[in-house]
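Presented below is the structure to which this report refers.
From a predicted model like this one, the values you see are computed outputs, not experimental measurements. Per chain, numbering begins at 1; letters A, B, ... match sequence-line order.
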Protein chains: 2
Amino acid sequence: MIRLLLIDDHQMVRLGLSSYFSIQEDMTVVGEAEDGLQGYEIAIKEKPDIILMDLVMEVMDGIESTQKILREWPEAKIIILTSFIDDEKVFPAMDAGASGYLLKTSSAGEIAEAIRSTYNGDPYFETEVTEKLIEHENNKGKLILHDELTNREKEVLQLISQGYSNQEIADALFITLKTVKTHVSNILSKLQVEDRTQAAIYAFRHDLVE
Amino acid sequence: MIRLLLIDDHQMVRLGLSSYFSIQEDMTVVGEAEDGLQGYEIAIKEKPDIILMDLVMEVMDGIESTQKILREWPEAKIIILTSFIDDEKVFPAMDAGASGYLLKTSSAGEIAEAIRSTYNGDPYFETEVTEKLIEHENNKGKLILHDELTNREKEVLQLISQGYSNQEIADALFITLKTVKTHVSNILSKLQVEDRTQAAIYAFRHDLVE
DNA sequence: TTTCTACTCATACTTAAGACTGATTTTTCC
DNA sequence: GGAAAAATCAGTCTTAAGTATGAGTAGAAA
């Protein structure tokens with residue numbers, strides 16, 4: 001019997017899952033939680049075989065909860081069950097040590113299969129997630145332009161992206177205009193752009209602002 | 001007996017809802033669909049009392065489906081049941097003619113209440129949605145700076161936001177550098193910013209790019 | 001018909017931006 | 001302790017950016 005813990009802030013999803021598992025002969029739900037903190041507490045107490053974890057939750061999100069559970073109980077098998085696939089979710093979840101990643105658009109059968117597979121020590125990932133991970137791995141070697149920026153240059157880029165002029169930057173950082181110009185030139189060169197506007201656009205497109 | 005149609009691409013949510021409604025004596029589920037198009041077809045055929053509609057779906061999303069259903073059957077009562085509240089979802093849904101707006105974090109009881117309320121001709125909206133609608137109404141009068149831009153100026157702003165220099169804009173639009181400068185000056189003045197970088201930032205912050 | 005707006009182009013002027021070169025000081029790292 | 005990187009400042013030079021002002025044309029609206 002596979003003992004399951006459901007952590008999801010949508011009552012309807014928990015209800016759907018538990019009513020589905022209730023007709024599966026080899027599975028039973030031993031706990032439900034509506035946020036990551038509650039989920040963590042039940043996980044430590046109940047030691048379920050598999051934890052189904054949502055990511056977006058109040059109080060404590062799924063990533064943090066996953067980390068917290070695994071820190072205390074490293075053998076835990078946690079399957080992320082969430083709505084969307086985006087880089088900001090998938091990679092942190094993987095880094096946190098999740099054993100699986102499923103989309104909520106998955107059918108009941110797929111979810112059951114993922115649970116059985118993970119229970120038998122076989123991690124289960126959505127095809128799209130696998131592709132993302134491979135792509136991410138391929139990008140590991142590639143250099144990201146703005147990683148080359150020094151701390152000071154990053155500060156200056158921030159101010160450029162907020163519409164500051166060179167003189168305003170100089171005043172804000174208590175340095176001379178000349179120094180700001182040097183920084184700006186270096187930034188443009190490192191980001192391979194031609195002017196401060198393109199630098200600001202780069203910052204926005206790469207989510208470096210604020 | 002309130003006859004319900006569930007339209008949601010998450011099987012688990014449909015399962016949760018239908019298993020909850022199965023224990024409600026005054027409700028029954030007469031149909032389920034996993035995308036907006038399917039939902040539309042069933043809606044027209046079954047004419048349910050209340051339609052619970054998700055927004056994010058493949059094939060046809062909830063907004064489009066809502067419009068399509070109401071165009072053909074204006075008396076339909078459609079309650080949006082979705083994960084997030086954001087302006088790009090709430091207002092189009094309201095414009096489409098939804099009779100209610102609920103969050104998936106709502107409890108089963110709240111959902112049932114919303115259904116009964118809507119069934120009795122009383123639209124039901126999540127508190128946060130109501131607040132958004134009021135705020136939106138209050139902003140109706142306020143002028144939005146970039147609404148003042150002419151079509152040509154909007155084109156120029158687009159190119160500025162893509163990092164084009166004035167000369168490049170001139171070449172792209174087959175006009176002289178002088179004319180571009182005129183446009184740029186007018187844009188800066190209308191957006192109340194000081195230079196093209198701030199204009200590009202304005203465009204990014206107001207989601208005008210691409 | 002006339003008025004108004006959008007779009008176009010031009011001249012002249014001012015200045016901030018950016019490139020290039022070179023230099024000093026501090027910090028970091030081996 | 002010494003090499004390397006980061007941060008600072010300066011001088012010079014070129015040009016793109018932006019302002020101000022004026023003006024012509026076409027089309028829409030009144």
Which of these nucleotides, C:dT8, D:dT8, C:dT11, is closest to any side-chain atom of B:Ile175? C:dT8
What is the distance, to the nearest angstrom, from the CD atom on A:Gln167 to the P atom on C:dA17? 9 Å
Integer-rounded Å distance: C:dT14 P and B:Glu194 CD: 20 Å
Counting only distance, no hydrogens or angles, is the base of C:dC9 paired donor-acceptor with the side chain of B:Thr182 under 3.5 Å? yes
Out of C:dA6, D:dA6, C:dA19, which nucleotide sits closest to the side chain of A:Thr150? D:dA6
Taking for each residue the nucleotide of DNA chain C bearing the nearest heavy atom, is the 5' side occupied by B:Lys181 or by B:Phe174? B:Phe174
Specify the separation, in whole Å, of atom OH of A:Tyr164 and atom P of C:dA17. 14 Å
Will you find, in the side chains of B:Gln167 and B:Asp171, an N or O donor that is under 3.5 Å from an N or O acceptor? yes
A:Thr176 side-chain proximity, nearest of D:dA17, D:dA10, D:dG18: D:dA10
Ignoring backbone atoms, test whether A:Ser185 places a side-chain nitrogen or oxygen under 4.0 Å from the OP1 or OP2 oxygen of C:dA19. yes
Do B:Tyr40 and B:Glu72 have side-chain N/O donor and acceptor atoms under 3.5 Å apart? yes
With the threshold set at 4.0 Å, does a side-chain nitrogen-carboxylate oxygen contact exist between A:Arg116 and A:Asp26? yes
Nearest to side-chain heavy atoms of A:Val184, which nucleotide of D:dA7, C:dG18, C:dC7: C:dG18
Nucleotide nearest B:Asp195 when distance is taken to its side chain, options D:dG18, D:dA17, D:dT12: D:dG18
At what distance, to the nearest 0.5 angstrom, does CG of A:Leu102 lie from CG of A:Leu81? 6.0 Å
Select base, sugar-phosphate, or nothing to describe what B:Ser165 touches, counting heavy atoms under 4.0 Å on all strands. sugar-phosphate
Between D:dT8 (P) and A:Asn186 (CG): distance, integer Å: 12 Å
Could you check A:Glu148 against A:Lys190 for salt bridge (Lys or Arg N to Asp or Glu O under 4.0 Å), going step by step and ending with a plain yes or no? CA-CA 7 Å; A:Glu148 301 293 313; A:Lys190 287 184 182 177; over 6 Å; no
C:dT8, D:dA7, D:dA10: which one has an atom nearest the side-chain heavy atoms of A:Lys178? D:dA10
